[in-house]
Amino acid sequence: MALKKTLTIAGSDTSGGAGMQADLKTFQEHGTYGMVALTVVVTMDPNGWTHNVTPLPTELLQKQINTALSTGIDAVKTGMLSTEEIIRIAGDAIAKSGTTNVVIDPVMVCKGDDEVLNPGNTDAMIQHLLPLAAVITPNLFEAGQLAGTGTPKTIEDMKVAARKINELGAKAVVIKGGKALATEKATDLFFDGTTFYLLESEKVSSTYNHGAGCTFAASVTANLANGLSIKEAVIEAKEFVSAAIAHGWALNDYVGPVMHGAKSRFGAPEVTVSEI
Ligand SMILES: Nc1ncnc2c1ncn2[C@@H]1O[C@H](COP(=O)(O)OP(=O)(O)O)[C@@H](O)[C@H]1O
Ligand SMILES: Cc1ncc(COP(=O)(O)O)c(C=O)c1O
Ligand SMILES: [Mg+2]
């Protein structure tokens, strides 16, 4: 039986919760065949868990992309792309990929680490990636950077940012309010280019949500590969990540990854969708 082929152009989170590890686990849970073109390797200091990001040689990234694209992919996602050159290479790869099922997760910071990867990357993403995106999935900080508005603090701010990001070329935009937004529920704004929707689920109080963003975007990617509409793909992704966060756990004293396989084992918390 042939499976739908999903590619992630992303970094390795050695601790296994985020990055390409989250993407592959999530692709598997959605019944798609996962492939990786690795951009960087993230390692952590065992004492204190500070992140260290080491890019791979770009020739090696290009070879991986050539390998994966030659198989004919059904959907592609991007994750951590730490330099402007890597962003350009990813954009060229997506343009050549032959699929419009393109999910851009514009990773700029890791949770628990305040350091922005490289400020020049924002302009490179706007130039090379946004025009190709079927869906882009910024968190609040990333949305503010891309839209040039500063970090949204309210749903109204999120609407303004989403519209700007759509005007920059992304077909649909999900701004993840997540834990940071001062709402009772974990609230994300979905804009399909015409209509705004709120996606809401129970806010989990634990801090065990490392990898939530990657897991959400990878779910959208697999769902698009499996033939769901953008709206269906985003709603299922919210269910999938809500379950994963509800069953997040402590890997060690420093980090709590989501449980990527929670939805199939325990079912998903309720997600409400309302037009606004
Ligand atoms: N504590 C939480 N409880 C429930 N959902 C959450 C929580 N934190 C994040 N989410 C959800 O997880 C998804 C990823 O969001 P977020 O964690 O903000 O992204 P990122 O990891 O990219 O910063 C979103 O759907 C968001 O609403
Ligand atoms: C390789 C890699 N990609 C992406 C991320 C972003 O993770 P999150 O899903 O928590 O936003 C991280 C964070 O540690 C990472 O290490
Ligand atoms: Mg993220």
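Counting starts at 1 for both ligands and their atoms, in listed order.
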Numbered in order shown, the ligand 1 atoms found under 4.0 Å of a heavy atom of Lys203 are 3 (N), 4 (C)
So does Lys185 get a backbone contact from the side chain of Thr187, meaning a donor-acceptor N/O pair under 3.5 Å?
yes
When you measure from the side chain of Asn121 to the backbone N and O of Ala124, does any donor-acceptor pair fall under 3.5 Å?
no
Is there a donor in the side chain of Asn52 and an acceptor in the side chain of Thr43, or the other way round, less than 3.5 Å apart?
no
Going by the rule ring-ring contact (aromatic ring centres under 6.0 Å, His included), which residues pair with His247 if we only count those two or more places apart in sequence or in a different chain?
Phe266
Quick check on contacts: which atoms of ligand 1 are under 4.0 angstrom from a heavy atom of Gly178?
9 (C), 10 (N), 18 (O), 26 (C), 27 (O)
Give the single entry among Glu239, Lys176, Glu200, Lys185 that approaches atom 15 (O) of ligand 1 most closely by any heavy atom.
Lys176
Report yes or no: do Leu146 and Leu189 belong to one cluster of Ile/Leu/Val/Met/Phe/Trp/Tyr joined by side chain heavy-atom distances under 4.5 Å?
yes
Can you find an N/O atom of Cys214 closer than 3.5 Å to an N/O atom of ligand 2?
yes
Taking only heavy atoms of Gly19, which atoms of ligand 2 are found under 4.0 Å from at least one of them?
1 (C), 2 (C), 3 (N), 4 (C)
With the threshold set at under 4.0 angstrom, would you say His51 reaches ligand 2 through any of its heavy atoms?
yes
Atom CZ of Phe196: over 12 foreign heavy atoms under 6.0 Å
yes
Show which atoms of ligand 1 fall inside a sub-4.0 Å distance from at least one heavy-atom site of Ala212.
12 (O), 14 (C), 17 (O)
Do any N/O atoms on Gly213 end up under 3.5 angstrom from N/O atoms on ligand 2?
yes
So, taking the atom named NE2 in His51 and the one named CG in Asp13, what distance separates them when rounded to the nearest 0.5 Å?
6.5 Å
Any N or O on Ala186 sitting closer than 3.5 Å to an N or O of ligand 1?
no
Quick one: does Asn101's side chain have a donor or acceptor within less than 3.5 Å of a partner on Asp74's backbone?
yes
Below 4.0 Å, non-hydrogen atoms only: which portion of Lys238 touches ligand 1? Side chain, backbone, both or neither.
side chain
Rounded at 0.5 Å granularity, tell me how far NZ in Lys263 sits from NE2 in His30.
6.0 Å
Using a plain distance cutoff, I'd like to know if Gly177 has any nitrogen or oxygen under 3.5 Å from a nitrogen or oxygen of ligand 1.
no
Which of the numbered atoms in ligand 1 are below 4.0 angstrom from a heavy atom of Glu202?
3 (N), 4 (C)
Using a 4.0 Å heavy-atom threshold (strictly under), name the region of Val204 that reaches ligand 1: side chain, backbone, both or neither.
both
Okay, side chain of Lys203, backbone of Thr183: is any donor-acceptor separation there less than 3.5 Å?
yes
Using a 4.0 Å heavy-atom threshold (strictly under), name the region of Ser12 that reaches ligand 2: side chain, backbone, both or neither.
backbone
For Lys171, I'd like to know if atom NZ has over 12 heavy atoms of other residues, nucleotides or ligands within 6.0 Å.
no
If you take the nearest heavy atom of each of Gly211, Ala18, Gly178, which one is closest to atom 10 (O) of ligand 2?
Gly211
Does any N or O of ligand 1 fall below 3.5 Å from an N or O anywhere on Asp105, backbone included?
no
Taking only heavy atoms of Asn139, which atoms of ligand 1 are found under 4.0 Å from at least one of them?
20 (P), 22 (O), 23 (O)
May I ask you to list the atoms of ligand 1 that are less than 4.0 angstrom from any heavy atom of Asn209?
8 (N)
Residues, nucleotides or ligands: over 12 heavy atoms within 6.0 Å of Glu239 CD:
yes
Distance under 4.0 Å to a non-hydrogen atom of Asp188: what atoms of ligand 1 satisfy this?
24 (C), 25 (O), 26 (C), 27 (O)
